[in-house]
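Read through the structure below, which is laid out as structure tokens, and then see the notes.
Lettering follows sequence order; numbering is per chain, from 1.
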Protein chains: 4
Amino acid sequence: MTEEYNASKELRELEIYNTIELEDLAKDYMPKGGFDYLAGASGEEFTRKRNVEAFKSKGILPRVLADVEFPETNTKIFEHDLKVPFVMAPIAAHGLAHDSKEAGTAKGISEFGGTIMSISAYSGATFAEIEEGLNGNPRWFQIYMSKDDQLNKNILDEAKADGATAIILTADATVSGNRDRDNKNQFVYPFGMPIVSRYLTGSGKNMSLNNIYAQSKQKIEPKDVTFIKEYSGLPVFVKGVQTPEDATIAIGAGADGIWVSNHGGRQLDEAPASFEVLEEIAEAVAGQVPIVFDSGVRRGEHIFKALAAGADIVALGRPVLFGLALGGWKGVKSVLEYFESDLKRVMQLAGTQTIEDIKNSRLKDLSDWN
Amino acid sequence: MTEEYNASKELRELEIYNTIELEDLAKDYMPKGGFDYLAGASGEEFTRKRNVEAFKSKGILPRVLADVEFPETNTKIFEHDLKVPFVMAPIAAHGLAHDSKEAGTAKGISEFGGTIMSISAYSGATFAEIEEGLNGNPRWFQIYMSKDDQLNKNILDEAKADGATAIILTADATVSGNRDRDNKNQFVYPFGMPIVSRYLTGSGKNMSLNNIYAQSKQKIEPKDVTFIKEYSGLPVFVKGVQTPEDATIAIGAGADGIWVSNHGGRQLDEAPASFEVLEEIAEAVAGQVPIVFDSGVRRGEHIFKALAAGADIVALGRPVLFGLALGGWKGVKSVLEYFESDLKRVMQLAGTQTIEDIKNSRLKDLSDWN
Amino acid sequence: MTEEYNASKELRELEIYNTIELEDLAKDYMPKGGFDYLAGASGEEFTRKRNVEAFKSKGILPRVLADVEFPETNTKIFEHDLKVPFVMAPIAAHGLAHDSKEAGTAKGISEFGGTIMSISAYSGATFAEIEEGLNGNPRWFQIYMSKDDQLNKNILDEAKADGATAIILTADATVSGNRDRDNKNQFVYPFGMPIVSRYLTGSGKNMSLNNIYAQSKQKIEPKDVTFIKEYSGLPVFVKGVQTPEDATIAIGAGADGIWVSNHGGRQLDEAPASFEVLEEIAEAVAGQVPIVFDSGVRRGEHIFKALAAGADIVALGRPVLFGLALGGWKGVKSVLEYFESDLKRVMQLAGTQTIEDIKNSRLKDLSDWN
Amino acid sequence: MTEEYNASKELRELEIYNTIELEDLAKDYMPKGGFDYLAGASGEEFTRKRNVEAFKSKGILPRVLADVEFPETNTKIFEHDLKVPFVMAPIAAHGLAHDSKEAGTAKGISEFGGTIMSISAYSGATFAEIEEGLNGNPRWFQIYMSKDDQLNKNILDEAKADGATAIILTADATVSGNRDRDNKNQFVYPFGMPIVSRYLTGSGKNMSLNNIYAQSKQKIEPKDVTFIKEYSGLPVFVKGVQTPEDATIAIGAGADGIWVSNHGGRQLDEAPASFEVLEEIAEAVAGQVPIVFDSGVRRGEHIFKALAAGADIVALGRPVLFGLALGGWKGVKSVLEYFESDLKRVMQLAGTQTIEDIKNSRLKDLSDWN
């Protein structure tokens with residue numbers, strides 16, 4: 001895989017029937033190694049598949065006399081007024097999907113407006129390149145901690161200088177999951193990671209995920225949360241929380257938000273679906289801090305269910321990247337627009353005028369859903 | 001899809017082994033766009049499929065020493081004595097299935113006798129054309145409310161003049177579900193909707209369902225029930241109820257009947273099967289008003305289970321339309337006869353002499369039914 | 001199907017790996033109409049399939065320090081000492097499987113020895129022909145009641161004269177199930193039913209099951225049990241019991257045994273598996289009378305589980321008939337021997353020395369078994 | 001199958017993505033009879049398949065702020081310090097997989113180091129041959145008891161002389177399971193069993209498993225445990241325990257360890273998965289003696305879950321033999337290394353520094369996992 005990586009340069013709006021199908025479509029637009037890296041997950045991908053399927057374990061109960069018209073999807077997190085209850089999840093190496101890299105995603109987000117870009121520490125674009133697309137829109141910065149706190153400080157300084165309004169500490173990925181597809185493909189990143197490259201042995205280019213993760217800090221603990229919060233002065237999310245225990249510990253250490261995620265099933269396989277653990281975490285968090293939820297969201301119904309089960313905001317991952325692969329920033333915008341309109345339809349049909357109404361909805365347990 | 005739509009003119013009795021197979025048979029008799037519109041549903045059609053499958057979550061417990069012979073399927077709703085506990089569900093655009101449109105369905109019903117036609121506001125035939133087939137048999141009128149109450153009054157006047165003995169307020173379809181098949185087919189109705197066409201911009205012809213629904217009223221609320229009831233002086237069903245809460249609210253607003261339905265899975269996907277929510281709604285209704293049940297009924301066993309779980313009457317949809325596609329009014333009559341004889345066989349085998357006996361039956365929870 | 005029916009005359013011992021595979025093997029030995037009649041069931045055959053599959057809902061818990069050797073399968077029912085806890089279930093028209101008809105099955109049973117033949121009223125062989133094979137071995141007679149009690153008396157007289165030691169009243173088949181395969185094949189019996197032919201309009205030959213059942217009595221009730229018991233002076237089983245309620249009523253009417261069965265899934269589809277209802281029936285019966293169990297038994301494990309869940313005796317149906325089709329009486333004997341040795345192996349491995357030990361075994365609920 | 005058996009002599013390290021795939025790969029390296037014997041199981045192999053699948057009934061809950069780095073897999077059983085919490089399960093006839101027989105497996109184990117070889121009484125190699133590979137590494141001896149206690153004494157003497165530090169009494173295999181594959185292949189062992197051959201009529205060569213088991217003792221009971229313990233002076237495991245009752249009885253008879261196993265699904269089919277019975281057994285054992293667990297372990301996640309559910313040590317079976325087939329002792333070592341590194345990754349991702357941490361982990365019930 002050291003040969004040239006030819007990512008698509010396609011630029012076009014997408015007609016989207018559903019985001020499930022985007023994966024198959026994107027497969028034809030992406031080199032195999034890149035596609036498998038993005039679409040694949042760990043082990044036999046039980047958790048990845050269950051992330052999507054487990055939404056079916058709860059049914060939405062439509063309320064049909066609820067006097068709803070023009071449902072309002074706007075909400076707020078920290079100082080940001082959002083037009084939709086979803087943001088971009090942090091994902092590494094957008095350049096695998098499209099030649100425009102993270103700048104393409106950022107432009108799609110800024111053209112859509114009213115939401116937040118999460119910039120991954122493993123971005124293939126620089127802050128400056130991303131800003132060209134993001135154009136002043138809000139951003140959060142996701143950090144993989146280094147073993148060296150000085151480097152962490154440097155990187156936090158840069159992110160803050162770039163305008164990040166929150167830091168996302170990824171805590172569930174201290175080593176790489178057991179990714180069969182990548183291992184079989186002998187996948188290495190075909191380009192560097194300029195944000196962190198100074199802190200790596202090697203630029204990131206031609207390095208495997210195992211190699212890169214090995215250079216980050218394994219021993220993530222509560223005081224890391226405190227450190228980031230105090231040093232940066234920014235709100236901190238702990239990302240990868242899958243238990244009420246960790247949510248409580250994180251909040252105790254100063255976390256300003258809990259990010260429920262299993263990394264899209266890419267880390268520990270045979271773990272529960274992210275949606276399956278959300279409700280008990282939300283009960284533990286009990287409104288102390290906002291909850292962001294990701295892993296498996298493919299439909300407006302999924303956003304609705306996540307909010308009804310306790311999330312405040314949903315983060316979108318693979319579908320946006322597939323949109324990027326298929327149409328560049330225009331494809332990204334199409335995907336975001338799809339989610340917005342799909343959510344509005346679901347809200348109308350479910351009889352919920354506002355995001356708050358969704359949160360107050362009752363879901364029905366469905367037995368034998370799988 | 002603006003070319004001529006060639007619906008079948010076939011007229012014949014059907015030999016029916018089961019109504020599940022009618023769908024595949026009808027596929028060959030209907031233009032693809034029309035078939036997909038009728039057979040399809042929203043999202044990944046989870047709810048559509050579950051509507052049929054979820055009947056398996058409960059088993060009928062046959063009583064074998066119950067002294068039954070010639071089971072009696074007759075029942076009563078409002079002023080109507082029915083020979084069977086099922087009626088025709090309101091469905092738009094029967095002309096997609098057969099050249100005779102709603103008049104064909106109506107004739108099948110009148111030839112069968114002892115049941116009720118539900119006329120959809122989105123009928124492709126006029127009241128007068130339908131009456132040619134219906135021939136004085138009882139009918140209910142299903143309304144999609146307009147934003148303009150005067151138009152609602154006009155349409156109610158017409159339905160009443162046509163002899164409707166009840167109004168069915170469809171409350172679960174204030175916008176269209178996310179129908180992939182229709183979207184991919186770029187489906188538009190190939191003919192107009194004469195009953196509502198005065199109230200549409202456009203006749204209905206060459207319009208999409210999204211377009212048509214957009215012109216109806218989104219803000220359905222309890223006082224709409226009261227309005228219809230008071231203005232028409234007719235009993236009102238609220239159709240699309242899927243929660244005990246809505247059933248209670250509807251009754252509080254004056255509803256004379258609760259119509260449990262999820263629109264055949266055509267509106268909100270990842271909602272429970274209609275059969276799954278029936279029992280808890282019946283408990284809330286507690287006999288105050290009759291319950292009509294639809295969505296997923298394909299067998300005599302399903303009618304039995306719906307009645308045992310709390311319904312008073314079952315409404316049939318797609319299977320009747322597939323019968324229409326395959327054999328015109330004769331096909332419709334064959335389907336109705338099939339359900340009647342299938343129900344009688346089930347009643348005999350289950351040891352239930354009357355509809356009341358069915359209602360007093362116990363069903364057994366079956367785990368891992370799916 | 002009025003042409004000649006060519007049943008096999010093959011006579012050979014079978015090497016049996018498992019009885020599931022016998023069905024596919026028999027398919028090649030039987031005319032399609034006969035095979036589908038025997039293998040098929042009602043509706044979509046949900047209950048037929050579940051009869052076999054539902055055994056997996058409970059796991060056998062092997063006891064490994066139980067000091068077992070040469071497990072003893074002998075048991076007793078009424079006056080009969082049996083070498084195995086299984087008997088032949090009553091099945092109509094063995095001639096569909098083999099040219100030797102019921103006489104072939106009977107000979108297989110008598111050569112195996114130590115068990116009981118159930119003779120169906122719809123046998124294709126006469127009592128005299130069956131006795132040629134049965135050779136004095138014990139037999140029970142299964143009756144479908146006629147509407148005319150005098151005829152019932154005549155037939156009971158004949159069965160008693162033939163030496164029946166119990167009467168099995170089939171109560172779950174007052175009309176035929178909805179058998180798609182037979183309907184599609186336009187299946188009619190290719191030969192007469194000499195035992196009941198005097199009481200039919202027509203000999204049974206070229207008649208459908210619907211036709212034949214229609215001539216029997218539909219109104220089965222508790223006093224029929226009393227009548228048979230008193231008139232015949234023989235113990236009476238009520239066959240087709242699927243509820244504790246019916247078991248209690250039957251015993252109240254004098255039944256000497258409860259036969260839990262759903263007719264192999266041939267009557268009411270979407271009913272529970274026979275195994276699923278056994279335990280609660282056994283609790284209601286509480287040892288007052290013996291319980292015979294059938295429907296779905298294919299393995300020694302199934303016999304074990306049925307006994308552990310409350311049955312006293314298991315009845316075998318289709319596998320024996322497939323054995324008949326494949327090898328005549330020798331095939332029947334092979335099937336019976338297979339079940340005996342398979343049960344002994346299971347008993348050894350489960351740590352149960354006697355049938356009583358099996359009855360005292362605990363089964364483990366297995367979730368998501370299906 | 002009396003012709004020459006050509007087992008592979010391949011010697012190579014394996015690149016292992018997961019051990020599930022080793023089975024298919026090994027299929028091409030092994031004669032069909034040998035492969036089916038090893039890979040196959042009893043009945044329809046429900047229990048074999050469920051052994052692996054049932055691990056999905058519980059999800060690992062990753063703890064992400066647990067301050068973990070370089071997870072420590074070392075543990076202790078009896079006097080042995082192990083570097084990993086897994087040992088080799090006793091398996092007969094390694095020569096089916098590889099020409100080096102048990103000596104190959106033993107060498108793989110000794111090269112890996114820090115674990116224990118279990119030597120099966122049905123080994124195809126002699127103690128001396130195995131020692132050539134094992135090279136002084138620790139070993140346990142697995143015994144199938146003979147009906148003759150003197151022979152049992154002789155064999156225990158030999159095992160003790162060979163250096164066994166514990167005796168594993170296999171109690172769940174007093175006769176062979178109903179193994180369709182072997183029966184269809186008319187499988188017989190292609191070589192002798194030198195350890196027990198003096199006690200068999202025949203050397204083991206060209207004998208079926210049924211034949212060999214028939215010569216062993218069926219009546220295993222608590223006093224056999226006591227006998228082995230007292231005669232050998234070694235700790236005794238009872239292997240094949242699947243109930244709390246047997247665990248309690250075994251401990252009462254002096255067992256020094258409980259070995260939870262269903263023999264890889266090879267004995268009684270339609271039994272629960274081994275993992276399904278572990279937790280209730282562990283509760284009954286309550287730490288009185290160590291628990292070894294086998295049947296179905298294919299991933300680091302499985303080892304983790306077994307330990308979290310109450311096991312102290314896991315035993316590996318088929319994957320190691322497939323490794324032997326594919327690469328001789330080097331393949332064995334590769335498999336062991338894979339499990340070690342996979343477990344370490346799982347521990348890191350799950351936030352568990354030590355084996356004790358795993359044992360204190362909470363698993364989450366996953367409904368509809370299958």
Problem set entry | Winner by heavy-atom pair count (cut-off under 4.5 Å) against chain B, out of V64(A), I20(A), N370(A) | V64(A)

Problem set entry | Nearest-0.5 Å distance that lies between atom CZ in R12(A) and atom NZ in K330(A) | 11.5 Å

Seminar exercise, completed: The reported gap from CZ in F227(B) to CD in E230(B) (rounded to nearest 0.5 angstrom) is 9.5 Å

Exercise. Looking at I168(B), V196(B), I228(B), which one forms a side-chain contact (heavy atoms from CB on, under 4.5 Å) with I143(B)?
Worked result: I228(B)

Seminar exercise, completed: d(T174(B) OG1, M145(B) CE) to nearest 0.5 Å is 12.5 Å

Problem set entry | Under 4.5 Å from any heavy atom of chain B - which part of E301(A) | side chain

Exercise. Does K219(B) come within less than 4.0 Å of E221(B), counting only side-chain N to carboxylate O?
Worked result: no

Problem set entry | Structural part of R179(B) lying under 4.5 Å from a heavy atom of chain A | neither

Seminar exercise, completed: Cut-off 4.5 Å, heavy atoms of chain A, and the answer for S176(B) is backbone

Exercise. Which of the residues E69(A), Q348(A), R63(A) is involved in the greatest number of heavy-atom pairs with chain B at under 4.5 angstrom?
Worked result: R63(A)

Seminar exercise, completed: Heavy-atom nearest pair, I291(A) first then A282(A), reads CD1-CA, 3.6 Å

For this session: Measure the shortest side-chain to side-chain distance between L366(B) and S57(B) over non-hydrogen atoms and say whether it is less than 4.5 angstrom.
Result: no

Problem set entry | Residue-level contacts of residues 253-266 of chain B with chain A, using a heavy-atom cutoff under 4.5 Å | none

Problem set entry | Part of E280(B) lying under 4.5 Å from any heavy atom of chain A | side chain

Problem set entry | D24(A) vs K27(A), salt bridge (Lys or Arg N to Asp or Glu O under 4.0 Å): CA-CA, chis, key distance, verdict | CA-CA 5 Å; D24(A) 273 351; K27(A) 198 171 184 175; 5.3 Å; no

Exercise. Picking from D342(A), L349(A), L363(A), which has the most non-hydrogen pairs under 4.5 angstrom with chain B?
Worked result: L349(A)

Exercise. Side chain of E45(A), backbone of A41(A): donor and acceptor closer than 3.5 Å?
Worked result: yes

Problem set entry | Backbone of E72(A) reached by a side-chain donor or acceptor of T354(A) within 3.5 Å | no

Seminar exercise, completed: Greatest number of non-hydrogen atom pairs under 4.5 angstrom with chain A, of N178(B), T243(B), V225(B), falls to N178(B)

Exercise. For K56(B), is it the side chain, the backbone, both, or neither that has a heavy atom closer than 4.5 Å to a heavy atom of chain A?
Worked result: neither

Exercise. Going by residue number, which parts of residues 304-326 of chain A are within reach of chain B, meaning a heavy-atom gap below 4.5 Å?
Worked result: K305(A)

Exercise. Considering only heavy atoms, which portion of R299(A) lies under 4.5 Å from any heavy atom of chain B: side chain, backbone, both, or neither?
Worked result: side chain

Exercise. When H302(A) is tested against each of F55(A), F275(A), F339(A) for side-chain contact (heavy atoms from CB on, under 4.5 Å), which residue passes?
Worked result: F55(A)

Problem set entry | Contact class of V346(A) relative to chain B, heavy atoms under 4.5 angstrom | both

Problem set entry | Between CG on residue L169(B) and NZ on residue K239(B), distance to nearest 0.5 Å | 10.0 Å

Problem set entry | When K223(B), K184(B), E276(B), K217(B) are compared by non-hydrogen pairs under 4.5 Å with chain A, the top option | K184(B)

Problem set entry | chain B contact via Q353(A) - side chain, backbone, both or neither, heavy atoms under 4.5 Å | neither

Problem set entry | Main-chain N/O of E270(A) paired to T47(A) side chain as donor or acceptor, under 3.5 Å | yes

For this session: Look up atom CG in L151(B) and atom CG in L156(B), then write down how far apart they are to the nearest 0.5 Å.
Result: 11.0 Å

Exercise. Chain A: which of D368(B), D246(B), V277(B), I220(B) shares the most heavy-atom pairs with it under 4.5 Å?
Worked result: D246(B)

Problem set entry | Between CZ on residue F112(A) and OG on residue S334(A), distance to nearest 0.5 Å | 11.0 Å

Exercise. Any side-chain heavy-atom pair from F187(B) and L209(B) closer than 4.5 angstrom?
Worked result: no

Problem set entry | Beyond-backbone contact of M347(A) with I358(A), side-chain heavy atoms, under 4.5 angstrom | yes

Exercise. For chain B, which of R362(A), R345(A), K364(A) has the most heavy-atom pairs under 4.5 Å?
Worked result: R345(A)

